[in-house]
Number of protein chains: 2
Amino acid sequence: MAQRGTKRGNARLQLIDTALDLFDRHGFHAVGIDKILSTAGLAKMTLYHHFASKEELIVAVLEKRDTAFRADFAAAIADDADGRAKLLAMFDAIEAWTRDPAFRGSLFDKAAAEYGEKEHPVKKAVLSHKAWLFGEVRRAAAATGAADPVKLAAELFLLMEGAVLAAAVTGDRTAVRRAKAAAETLIAAAS
Amino acid sequence: MAQRGTKRGNARLQLIDTALDLFDRHGFHAVGIDKILSTAGLAKMTLYHHFASKEELIVAVLEKRDTAFRADFAAAIADDADGRAKLLAMFDAIEAWTRDPAFRGSLFDKAAAEYGEKEHPVKKAVLSHKAWLFGEVRRAAAATGAADPVKLAAELFLLMEGAVLAAAVTGDRTAVRRAKAAAETLIAAAS
DNA sequence: TCCGTGATAGACGGATCGGTCTAAGACCCC
DNA sequence: GGGGTCTTAGACCGATCCGTCTATCACGGA
């Protein structure tokens, strides 16, 4: 008992933070646990005390990223009353994210690229994140009073995914703004 | 001299084909050259006779994929006279691709996920492919007579990227159709 | 037939992979 | 201060990583 707040808890957090950064920079297979441990200044047994395997660490990293993403997203759209404003605020939130110098693309997209098997725990974490994100878009789309809110949500979701991908791969700074402009057109056409 | 058409040429092609399949299924770092060689039934020296390194093999794989993609794409849009039809034919081509049981997402997106450094040869091959694809979209968009063809092209490009990603990650069969519907709306709004 | 050239098989190299184990350390309550 | 518990450093494990080397093999020309 009484493990939270002690060194153990700190070590766990530090492992996740360090692994998050390294995975984001170099990829999951490319980063070995030895590198994570030496970067974090921790010993192997510390890692294997908190996680049964590297795979579990990866899932924990994705869960932390997911939690942070949901909080940021919720804060970004909280102030907006109607569905249309919420949808457009989502694009603003994504644009702010892509403008961050630390932006290196979606960690979930990268994870999906390296772990393609449907039943893999890492892939499941990715799908969970994507399903939540689509749900957010769908809820806001429904609030616009669009004739077919699921259609509108699906279209805007694709724009978001494409914009994040393009911003990450090509470094295109205008991608998200273009996506938002397209979103406005689609929202207008959907009412 | 006189190497083409001999065993050497066949070995090279077989290496590329085998590597393409394995990289597509499992990722680039996850697949070692030993696995490629044992799958292809070839020896190490054969690989290192044709390629200086694994990295060179990866680039060759991407180049082959790029060449095949361009040919398929060109054939898909060749028959269509006007820009709008060409643009919509692109979505049809992508949908046909995603419906193929062998579809496992864009190999270029996966490569970008694993090789993020700008100056890396693999990343350069990815950027080359993306630049070409965007150029195709832009050319067709210009032929529609849209007021701002670059804006239209950028929007449709994001839809394509998002649709391919969504189809790959979530297995969503409707993604490309949704993207095409959105594209029709955007094209109509751009004239 | 014999020779020379170039491709091949597979052993081998050091490095690193994910993961385990042991021995010592740090800390707790009494 | 002593005894028990939890955490840690780092040696160690077999497997695999990418790449090299050597010894053999197949084949074309004279």
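Computed from a prediction, not measured in an experiment: that's the story for all the values here. Naming: A, B, ... by sequence-line order, numbering from 1 per chain.
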Next item on the list: Give the rounded distance in Å between these two atoms: NE2 of A:His49 and C1' of C:dG19.
Entry: 16 Å
Note to self: Using whole Å, what does the distance between atom P of nucleotide D:dT8 and atom CZ of A:Arg12 come to?
What the structure shows: 14 Å
Item checked: Within residues 156-180 of chain B or reaching into it, pairs that qualify as ring pair (Phe, Tyr, Trp, His ring centres under 6.0 Å) - sequence neighbours excluded -> B:Phe134-B:Phe157
Notebook entry, point to check: Taking only residues two or more places apart in sequence, or in another chain, which ones meet A:Phe91 in a ring pair (Phe, Tyr, Trp, His ring centres under 6.0 Å)?
Noted result: none
Check: Rounding to a whole Å, what distance do you find between A:His26:NE2 and C:dC17:P?
Finding: 12 Å
Notebook entry, point to check: Starting at CZ of A:Phe28 and ending at C1' of C:dG18, how long is that distance when rounded to a whole Å?
Noted result: 17 Å
Item checked: Whether A:Ser38 side chain and A:Asp34 backbone form a donor-acceptor pair below 3.5 Å -> yes
Next item on the list: Grab the NE2-P distance between B:His29 and C:dG18 for me, whole Å please.
Entry: 12 Å
Notebook entry, point to check: Quick one: salt bridge (Lys or Arg N to Asp or Glu O under 4.0 Å) partners of A:Glu161, sequence neighbours excluded?
Noted result: A:Lys130
Note to self: Does anything in residues 51-63 of chain B come within less than 4.0 Å of DNA chain C? Heavy atoms only, and list the residues if so.
What the structure shows: none
Note to self: Under a 3.5 Å distance rule, please check whether B:Thr18 uses its side chain to pair with a backbone N or O of B:Leu15 as donor and acceptor.
What the structure shows: no
Check: Which whole-number value in Å describes the distance from A:Leu47 CG to C:dT20 P?
Finding: 11 Å
Notebook entry, point to check: Which nucleotide sits closest to the side chain of B:Thr46: C:dA9, D:dT20, C:dT20?
Noted result: C:dA9
Check: Counting only N and O atoms by type, is there a donor-acceptor contact under 3.5 Å from the side chain of B:Glu95 to the main-chain atoms of B:Arg177?
Finding: no
Next item on the list: For DNA chain C, determine which residues of residues 31-43 of chain A have any heavy atom closer than 4.0 angstrom to one of its atoms, and list them numerically.
Entry: A:Val31, A:Gly32, A:Ile33, A:Asp34
Notebook entry, point to check: Short question: side chain of B:Lys110, backbone of B:His26 - any donor-acceptor pair under 3.5 Å?
Noted result: no
Next item on the list: Under the side-chain contact (heavy atoms from CB on, under 4.5 Å) rule, collect the residues that match up with B:Ala89, sequence neighbours excluded.
Entry: B:Ile77, B:Asp80
Notebook entry, point to check: With B:Lys124, which of B:Glu119, B:Glu63, B:Glu55 fulfils salt bridge (Lys or Arg N to Asp or Glu O under 4.0 Å)?
Noted result: B:Glu119
Notebook entry, point to check: Which listed nucleotide (D:dT8, C:dA9, D:dT20) is nearest to the side chain of A:Met45?
Noted result: D:dT8
Check: To the nearest angstrom, how far is A:Lys44 atom NZ from D:dG10 atom P?
Finding: 13 Å
